[in-house]
A.B. asks: 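Take this structure first; my questions come after.
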Amino acid sequence: MVSKNLKRNGFLLACLLPGLILYCSLVLVPFARTIELSGYRFSGVSTNRKFVGFDNFGKLWESEPFWWAIRNGVIMLLVVGPVILGLSMLLAHAAQGTSRLSRLMRTVYLFPNLISLVAAALIWRNIYNPSVGLLRGIGLPGPQNGWLGDLDTAFPAFSVAFAWVTLGFYTMLFSAGLAGIPAEVHEASELEGAHGLRKYLLITRPLLWSVRRVASVHITIAALGVFALVNVMTDGEPSGRTQSLLNYLYRMMTIEGEFGKAAALGVVMMVITSVTSLMLWMLFRRDPTARRSA
Amino acid sequence: MILVGGLAATAMFAITACTQPQGGSASGGSPDTPKSVEVMIFKGGYGSDFFEKAAEEFTTNTGIKVSVIADPRIDQQALKRFQVGDPPDLAYPGWRFDAWKAVQDGEVMDLTAAMKEPVFGGGSGTWGGSFEPGILKLGENGGKQMLMPYFYSLWGWWYDPDLFAEKGWKVPKTYQELLLLCQQIKGSGMAPITYQGQYPDYMTSGMLQPWIISAGGMDAMKACQNLEPGAWKSPAVIKSASMIRELRDMGYFQMGATALSHTEAQAEFINRRAALIPCGTWLYSEMKDSLPEGRRMQFMLPPVLSDGKGDPTAITVKIEPWLIAEKSTSKKEAVEFFKYLTSLEKAKQFVVEKGTLMSIKGSDEVDLPEYLKGAADSMKASKAPWSAQWKEWYPTFYKAVGDALTELVNGELSPQEFANKCEAEAEKLRKNDDIAKHKVE
């Protein structure tokens, strides 16, 4: 019996080992080294480092672009993300079914997700271009400094582009979830008199629990990790108003010669993502359908 | 869920992975084996073909092997190599690389002694003497020659001479003339001035600094560069900011220009949707592929205050530095190769092939392309060529001033508030002992 267990565990360990090694070398070691680096002044252009304790965090605290990046991250998490999920849920309902039209609609929504982020960023720069852009062409030239140049409109304008890129993916996810709900559940609920919003809240929404959890986790990753779209579309301009945490980190590493400060920002991002993970975990702690059957 | 956390860590992986020391130098070897030189080249607007060809010629002439690594993101490769203590021998790492931090960290070879050596091939005169002195000085730190210039650019404004002739517009020399001209241009239905608003650098270099100099003299700008207390909220800075603000309030800036990237704004200019644009002498090379047939462009100095304190011939010079690594094991050979690149013959060739000005004396005695002539003449006639070295010395502060400028043209800050914000950022920098402070003499 013991030897059988040992064999089994040995086999499991052998299966896990490659993944474990990869995980340690690609996630845990960089984690640790990032935390270590955040305590040093390190320009990145030499081997010289100087230990400065928490000084890098203090400098971040005093830097304006950092707070813009934080503000934008929070808006992405609390406003843009939920709006995108809500919209995709609506679209998924609208595009339900197996008719040609609904299949076409799902493909159209998914399209932006399939093209490169750089191309998407350039498409949106052209839409917003204050001189030759699409919006100007249809009589919406935007504020005096342009959609992407105005301090107040730049972030909303960016968020629209972000939604355009990501919407299709969640629509598809929810469509698949909806298709997975057995028809007899719908029929039964309708026979019992549940329609419209009531049916959605009592039947569909609880049954989509696992899909919603996946979607929430995914959009959190996408929202906090937004980089390429910002980098190509606005590079954080005007004056930090569209700055993202990762793009600011990248800027400090590449242009400003502040590797230590960049590492400190990496640590701050880790804290933010951990707190967000915890919150999501609490939000989706229990499967509502499981609770009912218990 | 750990994926989310892993995100930040993965982003930092590039940093951590490359900070672990590795083995010795790739180049070099024992003193008797023939040494080779490894050169890293930023593949920007001027490409890398010139340097690759020069490397071959140099090897044929001297027997010293030169290998050229060129890439548009060579800065990242260079960073990795400096971080592990195995830098390339000679590098032109491009504008993203913080060369002054490398100097501060002792990674750059002091070339002061090499300046006294003869030029390549043992011709007459010293190597240092073959450079334009004002431009060579831009690589000095505390009297030592640390960074080297190669080609240089001039900042100014650009106009289309044919359009101006057609409309009967006169090139403005003073700010007052500029206001009148803008009124005329606006009246004709065209936007008077466009700018590369996504990168405030262009407005800093093309308007803010020249007008600080115009209003307060070169001393005002020098005080700003030297971070003297109060310099960034001096009357000269406020005046310059209010000139920019005035152009904005009068509607003389192209609608939406704050949102335009450099190439977008430049496309507005070459397609005659805006009459004037601030830019450096690389403008033509950068836009030549999209230039409409027969379109010409001409350089002008930024229009200055007619009663300003500054020298109206002041001109902003910009270099992109080269350096030889302190840890190189082929310093002598690297110097020799750079001497070859900066020989008068090669310099002239670079001017002709690439259409830019060079830091080598006499290199402009060739047929300059038309768009460069005006700039070269302005440089020759200038009694006050200068360079914005604070940009390279303090990139974070420079960006903060640019951000404030964006807020100024957005109407969020008044000129006074703009100056206060810049001064507050300067104060933060003065207190930051981690960043070495430099002085403009």
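A, B, ... follow the sequence lines: proteins, then strands. Residue 1 opens every chain.
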A.B. asks: Below 4.5 Å, heavy atoms only, C-beta onward: do B/Glu107 and A/Val45 meet side chain to side chain?
C.D. replies: no
A.B. asks: Which answer fits B/Trp100, side chain, backbone, both or neither, if we ask what part of it has an atom under 4.5 Å from a heavy atom of chain A?
C.D. replies: neither
A.B. asks: If you tally heavy-atom pairs under 4.5 Å against chain B, which of A/Asp150, A/Thr234, A/Thr47, A/Val52 wins?
C.D. replies: A/Thr47
A.B. asks: Do we see a donor-acceptor contact under 3.5 Å between the side chains of B/Gln83 and A/Arg49?
C.D. replies: no
A.B. asks: Do A/Arg41 and B/Asp105 meet the salt-bridge criterion of a basic N to acidic O distance under 4.0 Å?
C.D. replies: yes
A.B. asks: Go through B/Glu326, B/Glu425, B/Glu264, B/Glu268 and name the one with the most non-hydrogen pairs under 4.5 angstrom from chain A.
C.D. replies: B/Glu264
A.B. asks: With a 4.5 angstrom heavy-atom cut-off, could you sort out which part of B/Lys421 is near chain A: side chain, backbone, both or neither?
C.D. replies: side chain
A.B. asks: Is it the backbone or the side chain of B/Tyr199 that comes under 4.5 Å from a heavy atom of chain A, or both, or neither?
C.D. replies: side chain
A.B. asks: Which value, rounded to the nearest 0.5 Å, describes the distance between A/Ser63 atom OG and B/Lys428 atom NZ?
C.D. replies: 6.5 Å
A.B. asks: Between B/Arg248 and chain A, which part of the residue has a heavy atom less than 4.5 Å away: side chain, backbone, both or neither?
C.D. replies: both
A.B. asks: Is the shortest distance from a Lys or Arg side-chain nitrogen in A/Arg241 or B/Glu407 to a carboxylate oxygen in the other one below 4.0 Å?
C.D. replies: yes
A.B. asks: Heavy atoms only, distances under 4.5 angstrom: which of B/Asp434, B/Asp98, B/Thr406 has the most pairs with chain A? Name it, please.
C.D. replies: B/Asp434
A.B. asks: Need one label for B/Arg96: side chain, backbone, both or neither, based on atoms under 4.5 Å from any heavy atom in chain A.
C.D. replies: both
A.B. asks: A/Val132 versus B/Arg273: any side-chain heavy-atom pair under 4.5 Å?
C.D. replies: yes
A.B. asks: Tell me, for B/Leu260 versus chain A, whether the close heavy atoms (under 4.5 Å) come from the side chain, the backbone, both or neither.
C.D. replies: both
A.B. asks: What part of A/Asp152 lies closer than 4.5 angstrom to a heavy atom of chain B: side chain, backbone, both or neither?
C.D. replies: neither
A.B. asks: Looking only at heavy atoms and a cut-off of under 4.5 Å, which of A/Gln144, A/Arg125, A/Glu258 has the most pairs with chain B?
C.D. replies: A/Arg125
A.B. asks: Report the option among B/Thr396, B/Asp75, B/Ile435 that has the most heavy-atom pairs separated by less than 4.5 Å from atoms of chain A.
C.D. replies: B/Thr396
